[in-house]
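In each ligand, atom 1 is the first atom listed, and ligand 1 is the first ligand listed.
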Amino acid sequence: MARSARKKLTLPDLAAMKARGRPIAMLTAYDASFARLLDQAEVDCVLVGDSLGNVIQGCDSTLPVTVDDMVYHVEAVRRGLEGAWLVADLPFLSYHDRASALSSAGRLMRAGAEMVKLEGGASVASVVHELVLQGIPVCGHLGLTPQHVHQIGGYRVQGYDELLAQKLREDALALEAAGATLLVLECVPSALAASVRDAACIPVIGIGAGVDVDGQVLVIYDVLGISGGHAPRFVKNFMAETDSIEGALSAFVKAVRERRFPGPEHSYSGP
Ligand code: KIV
């Protein structure tokens, strides 16, 4: 497979981007071919998301995804990727205690991930701490956490209520204190996301969290307009503006870097 001559991005590079106010562009990938295209488009971070349960396996949630599934896709993405920072999701019930978290994260790192992502706040802080102690970089995920879909009561915006908003800010700081070095914030009002971005020293990457964060992530099939079904408000089909996959990926990166995406039409304000 042809390789791009791209400098390898590191965790300190991501921290420096937040410090410099340079937005981080992140997309999901599940195979080597798209990983290579994401490198060519100069995406900063690639996420092998457990969204593969939805977009690859056709399930209606991420709950059926296993560590074996994740390892298969991380290995595939690793083979195609050179420069971007590679994050992999710890799937549902694979990090509920110290032993399972270490074993699952170890498998993802051996498969080629450089960081693992997990859902939850203060309740998973001890797991985050343990992983970090063992040299595994951790990305938190707050707001709409799809692994909790049945508890939340559906895929809905989180943090409209001030008590919940305060809890989310505290969760972000608990993750940071435990050693997390990146945070994904999904489906929260823009003002809340901006307050988390201001409070946290680590980069905050939004999805449906407005433009006032340190970067943006989307599912690649949403960017290419091929996910099917009802698209959430925060999704933008970048294929509508171009005639090639490469063009759509570059347009996403450019729009994120120039803070033109997400616009108000892709964001949530008050209740
Ligand atoms: O699984 C995933 O793709 C994700 C992103 C939507 C942030 O967690």
Next on the checklist: Side chains of T10 and D13 only: does a donor on one sit below 3.5 Å from an acceptor on the other?
Outcome noted: yes

Item to check | side chain to side chain contact (heavy atoms under 4.5 Å, CB included) partners for E130, two or more places apart | outcome: R98, L102, L133, Q134

Item to check | By salt bridge (Lys or Arg N to Asp or Glu O under 4.0 Å) - contacts of D68 (at least two apart) | outcome: R107

Checklist entry - Is R78 salt-bridged to E114, going by a charged N under 4.0 Å from an acidic O? => result yes

Checklist entry - Are a donor atom and an acceptor atom from the side chains of N54 and S51 found within less than 3.5 Å of each other? => result no

List ligand 1's nitrogen or oxygen atoms that come under 3.5 Å of a protein nitrogen or oxygen, with the partner atom and distance.
from	atom 1	to	atom 2	distance (Å)
ligand 1	1 (O)	D50	N	3.2
ligand 1	1 (O)	D50	OD1	3.1
ligand 1	1 (O)	S51	N	3.0
ligand 1	1 (O)	S51	OG	3.3
ligand 1	1 (O)	D89	OD2	3.0
ligand 1	3 (O)	S51	OG	2.5
ligand 1	8 (O)	K117	NZ	2.8

Checklist entry - Among all residues two or more places apart in sequence or in another chain, which pass the side chain to side chain contact (heavy atoms under 4.5 Å, CB included) test with V55? => result Y30, V219, Y221, S227

